[in-house]
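Below is one structure; the comments refer to it alone.
Both backbone and side-chain heavy atoms feed into the values below; hydrogens, waters and symmetry mates do not. One-based numbering, in listed order, for ligands and for the atoms of each.
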Amino acid sequence: MAPTPNSSLVELRDLTFGYGDRRILDGVTLTVPRGQVTALMGASGGGKTTVLRLIGGQIRPQSGELRFDGEDLRTLDTAGLYRIRRRMGMLFQFGALFTDSSVFDNVAFPLREHTDLPEALIRDIVLMKLNAVGLRGARDLMPSEVSGGMARRVALARAIALDPELVMYDEPFAGLDPISLGTAARLIRQLNDAMGLTSIIVSHDLDETFHIADKVIVLANGRIAAQGTPDEVRNSTDPLVHQFVNALPEGPVRFHYPGPTVADDFGPHSGAAR
Ligand SMILES: Nc1ncnc2c1ncn2[C@@H]1O[C@H](COP(=O)(O)OP(=O)(O)OP(=O)(O)O)[C@@H](O)[C@H]1O
Ligand SMILES: [Mg+2]
């Protein structure tokens, strides 16, 4: 029986995940509303990319629920996961283009890999996707011939090549100048609305992200510190969230990767002093 559609496309419930013994997510409960742009924010190393990888089925949670369109990913076999994954597009953090392939071939890659469509149809789809990101004219350029902002848009066209329902963007604005950043942000919003997508965007850029997101989720120290509309999150009194939305260096958000104390490493009995 098909699961009843509900307003959330993705749902995590009391989810825990760790790499080896290191707990990264500790009872995370969040929902990603259909048709909306949801921003996942939080300090570096907080587990944002990890959440995207869990949703993409690249890693599996240790406990808790993880649902995509009502289906619990934890109970799916490889074929089931593969079927679900085809409904998702991902723009990876540091996700590079294939340097030896043209812009066209980069966008065509997922279509050639995952479908048996004839080349003529692939051409039309690729040009449509490139058109959507304003780069139809750049089809024959090589990645070395496009700017960083253009490369990001090509990667975006590649992420939506298979007409996914969910698109996950990991740091789509990193390294962009303010104008390209604004363009990329508007593009994500427009594609979401025009194509009826659901988008999750991981970003450190507070202004631009709060501007385009319908919902903001703040992840801190392995837990959800806040989730709500941009205004609700901005006005949160939670100290973690306050530190984050005001970009304060001091506060409860951990900056250091867990390890020896400063005294252990630099104190009188440390290796250097010995
Ligand atoms: N494959 C891995 N094996 C072991 N530990 C990992 C692995 N990938 C990530 N980690 C650890 O998990 C934690 C969360 O990493 P993650 O990449 O999810 O953070 P993030 O919130 O995306 O950070 P950033 O904003 O810097 O991209 C980090 O402490 C990282 O060292
Ligand atoms: Mg990351």
Give the atom numbers and elements of ligand 1 that come within less than 4.0 Å of a heavy atom of [X].
| X | answer |
| --- | --- |
| I24 | 12 (O), 13 (C), 14 (C) |
| R53 | 8 (N) |
| R22 | 11 (C), 29 (O), 31 (O) |
| T50 | 14 (C), 15 (O), 16 (P), 18 (O) |

* Is the shortest N/O to N/O distance between S44 and ligand 1 below 3.5 Å? ->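 Between S44 and ligand 1, an N or O pair is found under 3.5 Å apart.
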* Can you check whether G42 has an N/O within less than 3.5 Å of an N/O in ligand 1? ->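 No, since none of the N or O atoms of G42 sits under 3.5 Å from an N or O of ligand 1.
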* Asked: Can you tell me if T49 has an N, O or S atom under 2.8 Å away from the Mg ion (ligand 2)?
  ->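 T49 does place an N, O or S atom closer than 2.8 Å to the Mg ion (ligand 2).
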* Asked: Quick one: does G47 get a heavy atom under 4.0 Å from ligand 1?
  ->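 G47 counts as a contact of ligand 1 under the 4.0 Å cut-off.
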* Atom pair CG/CD1 of N221 and I24 - distance to nearest 0.5 Å ->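 CD1 of I24 is found 11.5 Å from CG of N221.
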* Asked: Can you tell me how far CZ of R158 sits from CG of L91, rounded to the nearest 0.5 angstrom?
  ->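 One gets 8.0 Å once the value is rounded to the nearest 0.5 Å.
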* Sidechain N-carboxylate O distance under 4.0 Å for R189, D214 ->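 So R189 pairs with D214 through a salt bridge.
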* Carboxylate-amine/guanidinium contact K48 E171, below 4.0 Å ->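 No.
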* To do: Check T31, V32, T198, T38 against S8 for a side-chain contact (heavy atoms from CB on, under 4.5 Å) and give me the one that passes.
  =>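 One option only clears the test, and that one is T31.
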* Asked: Would K129 and D163 satisfy salt bridge (charged side-chain N to carboxylate O under 4.0 Å, His left out), going step by step from the backbone distance to the final call?
  -> CA-CA 9 Å; K129 302 300 174 185; D163 281 329; 2.6 Å; yes
* Please test E119 against R112 for salt bridge (charged side-chain N to carboxylate O under 4.0 Å, His left out), starting from the C-alpha separation and ending with a verdict. => CA-CA 8 Å; E119 201 52 34; R112 290 175 177 147; 2.5 Å; yes
* Give the single entry among K48, H204, M41 that approaches atom 20 (P) of ligand 1 most closely by any heavy atom. =>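 Going through K48, H204, M41 one by one, K48 has the nearest heavy atom to atom 20 (P) of ligand 1.
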